[in-house]
Chemist: 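Quick one: the structure is below, questions incoming.
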Amino acid sequence: MRIATYNVNGVNGRLEHVLAWLADTRPDVACLQELKTTDDRFPAAAFEKAGYGAVWHGQKSWNGVAILARGVTPIETRRGLPGDEAGAQARYIEAAVKGVLVGCLYAPNGNPVGSAKYAAKEAWYARFMAHADWLLETGQPVVLVGDYNIMPTDLDVYVPERWRDDALFQPSLKDTYAWLRGRGWTDALRAVFGDEARVYTFWKYWRNSFQRDAGLRIDHLLLSPTLAPRLEAAGVDRHHRAKEGSSDHGPVWIELSR
DNA sequence: ATGGCAGCTTCGAGCTGA
């Protein structure tokens, strides 16, 4: 069973890219972020035609998250995090799919550090941590998948020194990520690739970042203790990031037994 | 320190992203 995450940077603007990726890699579950569309403009019919049912949580202009499932429609269990204010940005959707509870997230960027946006990012993560803990208590097999907007360690940044002041690389956020791991969540890519390999999921559009492999690892898949033993493989679909006109993120995937 | 690129938006310069 393959579960993938892909920050598409505009689901309508890049629909052909997303459909080509689905046809090429055939994930059982695909979590999408940065839809940049309202609910009524989400291309559900195109995904249906490609063999995927979907649940989605859109928003005008920015943000937006969706969960696709091959051959079935995910059973939505929640949209938004507990404690979100009314009218909050569309950054979380959760659904039961093929025996796994899938949380699809798009964490706030938070730049610049010290701004109201940064405070909102930390507040969002406080709600996310509480919900992640609640999910662990249920004992269900859960995967929390998406664009965390955190580089967890220096290994996850091509030149760490240049990112010290960035909102994606603040000690408190790295602590948050480490805290999640300490609570029992497994970082799937690190579990597969080890603690020395450089694995990136995002490359800026400019300065030939992708060609130089000047990347960041900010898209993550965290597995609950009940799910982690099923982890068999993981990877990044770099050949789709390499395509002309692609998102600045690459699709990231894991393979689970059964 | 800055800028580089790209998508979105009551059509076009400004916001946001990372």
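Please read all numbers here as calculations on a predicted model, not as lab measurements. The sequence lines fix the lettering, A, B, ..., with proteins before strands; numbering per chain opens at 1.
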Chemist: What is the distance from CG of A/D156 to P of B/dA18, rounded to the nearest Å?
Modeler: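 In whole Å, B/dA18 P and A/D156 CG are 16 Å from each other.
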Chemist: Identify whether any heavy atom of A/D166 sits under 4.0 Å from a base atom; if not, whether one sits that close to sugar-phosphate; answer base, sugar-phosphate or nothing.
Modeler: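 Contact class for A/D166: none.
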Chemist: Of the candidate nucleotides B/dT16, B/dA18, B/dG7, which contains the atom at the shortest distance from the side chain of A/R14?
Modeler: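 Closest nucleotide to the A/R14 side chain: B/dG7.
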Chemist: Within a reach of under 6.0 Å around CZ of A/R162, are more than 12 heavy atoms found that belong to other residues, nucleotides or ligands?
Modeler: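 No, CZ of A/R162 has 12 or fewer neighbouring heavy atoms, counting only those of other groups under 6.0 Å.
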Chemist: Rounded to the nearest angstrom, tell me the gap between atom OH in A/Y106 and atom C1' in B/dG7.
Modeler: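 So the OH-C1' distance, A/Y106 to B/dG7, works out to 11 Å.
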Chemist: Does atom CD of A/E196 have more than 12 heavy-atom neighbours from other groups under 6.0 Å away?
Modeler: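 It does not: A/E196 CD has 12 such atoms or fewer within range.
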Chemist: Relative to the 5' end of DNA chain B, which residue comes earlier, A/K204 or A/M151, by the nucleotide with the nearest heavy atom?
Modeler: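 Nearest nucleotide further toward 5': that of A/K204.
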Chemist: For A/D219, report the nucleic acid contact type (base, sugar-phosphate, nothing); a contact means any heavy atom under 4.0 Å.
Modeler: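 The residue A/D219 makes no contact with any strand.
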Chemist: Taking only side-chain N and O atoms of A/N111, does any of them lie within less than 4.0 angstrom of OP1 or OP2 on B/dA18?
Modeler: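 No, no such contact exists.
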Chemist: With distance as the sole test, does A/K98 use its side chain to make a donor-acceptor pair with the main-chain N or O of A/R70 at under 3.5 Å?
Modeler: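 Confirmed, A/K98 side chain pairs with A/R70 backbone.
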Chemist: Taking atom P of B/dT2 as reference, at what distance in whole Å does atom CZ of A/R162 sit?
Modeler: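 Atom-to-atom, A/R162 to B/dT2, this comes out as 15 Å.
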Chemist: Could you check how far CG of A/N63 sits from P of B/dG17, rounded to whole Å?
Modeler: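 Answer to the nearest Å: 7 Å.
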Chemist: How long is the line joining CG of A/L35 and C1' of B/dT16, in whole Å?
Modeler: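 Rounded to whole Å, this separation is 16 Å.
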Chemist: In terms of side-chain geometry, is the basic nitrogen of A/R238 or A/D213 positioned less than 4.0 Å from the acidic oxygen of its partner?
Modeler: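 Yes, charged N to carboxylate O under 4.0 Å.
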Chemist: To the nearest angstrom, how far is A/L168 atom CG from B/dG17 atom C1'?
Modeler: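 Value for this atom pair: 10 Å.
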Chemist: For B/dT10 versus B/dT16, give the span between their P atoms, rounded off to a whole number of Å.
Modeler: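 Here B/dT10 and B/dT16 have their P atoms 14 Å from each other.
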Chemist: Which of parallel (below 30°), tilted (30 to 60°) and perpendicular (above 60°) describes A/Y177 and A/Y148?
Modeler: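 Ring orientation of A/Y177 relative to A/Y148: perpendicular.
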Chemist: The side chain of A/K117 is closest to which nucleotide in this list: B/dG17, B/dC8, B/dA18?
Modeler: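 The nucleotide sitting nearest to the side chain is B/dG17.
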Chemist: Between B/dA1 and B/dG12, how far apart are the two C1' atoms, rounded to whole Å?
Modeler: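 29 Å, rounded to whole Å.
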Chemist: Using atom P of each nucleotide, how far apart are B/dT2 and B/dA6 to the nearest Å?
Modeler: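 Approximately 23 Å lies between the P atom of B/dT2 and that of B/dA6.
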Chemist: When the distance from CD of A/Q211 to C1' of B/dG4 is rounded to whole Å, what number comes out?
Modeler: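 For the pair A/Q211 CD and B/dG4 C1', the rounded distance is 14 Å.
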Chemist: Between A/T37 and A/D248, just flag the one whose closest nucleotide in DNA chain B comes earlier from the 5' side.
Modeler: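 Counting from the 5' end, the first nearest nucleotide belongs to A/T37.
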Chemist: Given B/dG3, B/dA6, B/dA18, which nucleotide is nearest the side-chain atoms of A/Y205?
Modeler: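 Given the options B/dG3, B/dA6, B/dA18, the side chain of A/Y205 is closest to B/dA6.
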Chemist: Base, sugar-phosphate alone, or nothing: which one does A/Y148 contact when heavy atoms must sit under 4.0 Å apart?
Modeler: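 Result for A/Y148 = nothing.
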Chemist: For a quick check, tell me whether the side chain of A/N9 and the base of B/dA6 share a donor-acceptor pair closer than 3.5 Å.
Modeler: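 Check fails, no donor-acceptor contact within cut-off.
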Chemist: Please give, in whole Å, the distance from B/dG17 P to A/K121 NZ?
Modeler: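 Value for this atom pair: 10 Å.
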Chemist: Checking A/R91 against A/Y106: charged group under 6.0 Å from the ring centre and within 45 degrees of the axis?
Modeler: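 Yes, A/R91 sits over the ring of A/Y106.
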Chemist: Taking the same atom, P, in B/dC15 and in B/dG3, what whole-Å distance lies between them?
Modeler: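 Straight-line distance between the two P atoms is 15 Å.
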Chemist: Under 4.0 Å, heavy atoms only, any strand: does A/D147 hit a base, just the sugar-phosphate, or nothing?
Modeler: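 Sugar-phosphate, backbone atoms only, no base.
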Chemist: Name the closest nucleotide to the A/W206 side chain, picking from B/dG4, B/dA18, B/dT16.
Modeler: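 The closest nucleotide is B/dG4.
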Chemist: Would you call A/R164 and A/D154 a salt bridge, taking side-chain N to carboxylate O under 4.0 Å as the test?
Modeler: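 Between A/D154 and A/R164 there is a salt bridge, with a charged N closer than 4.0 Å to a carboxylate O.
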Chemist: What nucleotide, of B/dG17, B/dG3, B/dT16, holds the atom closest to the side chain of A/R207?
Modeler: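 Looking only at side-chain atoms, A/R207 lies closest to B/dG3.
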Chemist: OP1 or OP2 of B/dG17 sitting under 4.0 Å from any side-chain N/O of A/H249?
Modeler: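 It does not, given that no N or O in the side chain of A/H249 lies less than 4.0 Å from OP1 or OP2 of B/dG17.
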Chemist: Looking only at side-chain atoms of A/N149, point me to the closest of B/dC8, B/dA18, B/dG7.
Modeler: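 Looking only at side-chain atoms, A/N149 lies closest to B/dA18.
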Chemist: Identify which nucleotide among B/dG4, B/dG7, B/dA18 has an atom closest to any side-chain atom of A/L216, counting heavy atoms from C-beta outward.
Modeler: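 Of all the options, the side chain of A/L216 is nearest to B/dA18.
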